[in-house]
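Note: hydrogens, waters and symmetry copies are ignored here, and every other heavy atom, side chains too, is used. Index from 1, following the sequence. It should be emphasised that the depicted structure is a prediction, and the values quoted were computed from it without experimental measurement.
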Amino acid sequence: MKIGHGYDAHRLVEGSGVILGGVSITCNYSIDAHSDGDLIIHALVDALLGAAVFGIVGTYYPSDDNKFKDISSRELLRDVVSKLKDANYLIQNIDITFIGQEPKLNGFIGKIRENLSQDLCIEIDSVNCKATTTDFLGFEGEKKGLSCHAVALID
C-alpha cells in the first residue's frame with residue numbers, strides 16, 4: 001500500500017461561481033486559474049500521482065499549455081486514474097479537506113462524493129470529503145483564496 005498527499009490553493013476574484021469537485025456552485029467569486037480551477041480535484045490528482053510516485057500535476061498538465069486552458073479537471077482526474085490502472089494500482093480510498101470561508105459546501109458534499117466516486121471508479125463509501133473554514137484567519141478566511149488537502153491510499 002502507498003499513500004499520497006496533495007495540496008492546492010487558488011486566488012479568488014470577483015465572479016459568479018466556482019467549480020469544486022466537479023460541481024458548479026454559484027457565489028460572488030470565481031477561481032483564478034488556467035483550467036477550470038477545481039482545486040478539490042487538483043489536490044486529489046496531486047495525491048494520486050504522489051502515491052504512485054508519478055511526479056507532480058504540472059508535469060502532465062502544465063499551466064502554460066493552451067491545450068489545458070479551461071479544461072474540466074474531471075477530465076484530468078480520469079486521465080490520472082487511467083495511468084494508475086495501466087500501472088496496476090487500485091485506489092483504496094481518498095480523504096479530502098476543503099478550506100474556505102465561502103462558499104459553504106454542506107449542500108454539495110454528496111454530489112462531490114458522487115462525482116469523485118464515478119471518476120475514480122471506486123465505491124462512494126471509499127470517498128470522504130469535508131469542508132472547514134479558518135474562522136476568518138489567513139487568505140481563506142479573508143476570502144482572498146481557497147485551498148484543499150487530499151490524501152489517497154492505493155495498492
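In this view, Lys85 satisfies the side-chain hydrogen bond (donor to acceptor under 3.5 Å, both in side chains) rule with no residue, not counting sequence neighbours. When the ring pair (Phe, Tyr, Trp, His ring centres under 6.0 Å) test is applied to Phe68, the partners found at least two apart in sequence or on another chain are Tyr61. For Tyr89, the side-chain hydrogen bond (donor to acceptor under 3.5 Å, both in side chains) partners two or more places apart in sequence, or in a different chain, are Lys2. Judged as a side-chain hydrogen bond (donor to acceptor under 3.5 Å, both in side chains), and not counting sequence neighbours, the contacts of Thr97 are Lys130. Ser63 pairs by the side chain to side chain contact (heavy atoms under 4.5 Å, CB included) definition with His34, not counting sequence neighbours. Listed by chain and residue number, Leu105, Arg113, Cys129 satisfy the side chain to side chain contact (heavy atoms under 4.5 Å, CB included) test with Ile109 (two or more places apart in sequence, or in another chain).
Between Thr59 and Ile56 there is a side-chain heavy-atom pair separated by less than 4.5 Å. Looking at Leu12 and Ile31, their side chains come closer than 4.5 Å, going by heavy atoms from C-beta outward. Put simply, the side chain of Asn93 does not reach to within 4.5 Å of the side chain of Asn128, judged on heavy atoms.
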List, one per line, each side-chain donor-acceptor pair under 3.5 Å for residues 143-155, sequence neighbours excluded.
residue : atom : partner : partner atom : Å
Lys143  : NZ   : Glu102  : OE2          : 2.6
Lys144  : NZ   : Glu142  : OE1          : 3.2
Ser147  : OG   : Glu140  : OE2          : 2.6
His149  : ND1  : His5    : NE2          : 3.0

Output a table of donor-acceptor pairs, distance under 3.5 Å, between side-chain atoms of residues 117-127 and any protein atom two or more places apart or on a different chain; print 'none' if there are none.
residue : atom : partner : partner atom : Å
Ser117  : OG   : Ile122  : O            : 2.5
Ser117  : OG   : Ile124  : N            : 3.3
Gln118  : OE1  : Arg74   : NH2          : 3.2
Asp119  : OD1  : Arg74   : NH2          : 3.0
Asp119  : OD1  : Arg78   : NH1          : 3.1
Asp119  : OD2  : Arg74   : NE           : 2.6
Asp119  : OD2  : Arg74   : NH2          : 3.3
Ser126  : OG   : Gln92   : O            : 3.4

Return a table of donor-acceptor pairs under 3.5 angstrom between the side chains of residues 35-55 and protein atoms on other chains or two or more places apart.
residue : atom : partner : partner atom : Å
Ser35   : OG   : Gly37   : N            : 3.2
Ser35   : OG   : His42   : NE2          : 3.2
Asp36   : OD1  : Asp38   : N            : 3.1
Asp36   : OD1  : Ser73   : OG           : 2.5
Asp36   : OD2  : Ser73   : N            : 2.9
Asp38   : OD1  : Gly21   : N            : 2.8
Asp38   : OD1  : Ile40   : N            : 3.3
Asp38   : OD1  : Ile41   : N            : 3.2
Asp38   : OD2  : Gly21   : N            : 3.0
Asp38   : OD2  : Gly22   : N            : 2.7
His42   : ND1  : Asp8    : OD2          : 3.0
His42   : ND1  : His10   : NE2          : 3.4
His42   : NE2  : Ser73   : OG           : 2.8

Could you go step by step and tell me if Leu116 and Ile96 meet the side-chain contact (heavy atoms from CB on, under 4.5 Å) rule? CA-CA 11 Å; Leu116 298 179; Ile96 294 167; 3.4 Å; yes
Full working for side-chain contact (heavy atoms from CB on, under 4.5 Å) between Val23 and Leu20: CA-CA 5 Å; Val23 177; Leu20 296 169; 5.8 Å; no
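Applying the salt bridge (Lys or Arg N to Asp or Glu O under 4.0 Å) test to residues at least two apart or on different chains, none of the pairs has a partner in residues 55-66. Listed by first and then second residue, the ring-ring contact (aromatic ring centres under 6.0 Å, His included) pairs involving residues 97-144 amount to none (not counting sequence neighbours). Judged as a side chain to side chain donor-acceptor pair (under 3.5 Å), the pairs with a partner in residues 11-28 (not counting sequence neighbours) are, in order, Arg11-Asp32.
Under the 4.5 Å side-chain heavy-atom criterion for ILVMFWY residues, a single connected hydrophobic cluster contains both Ile25 and Leu77.
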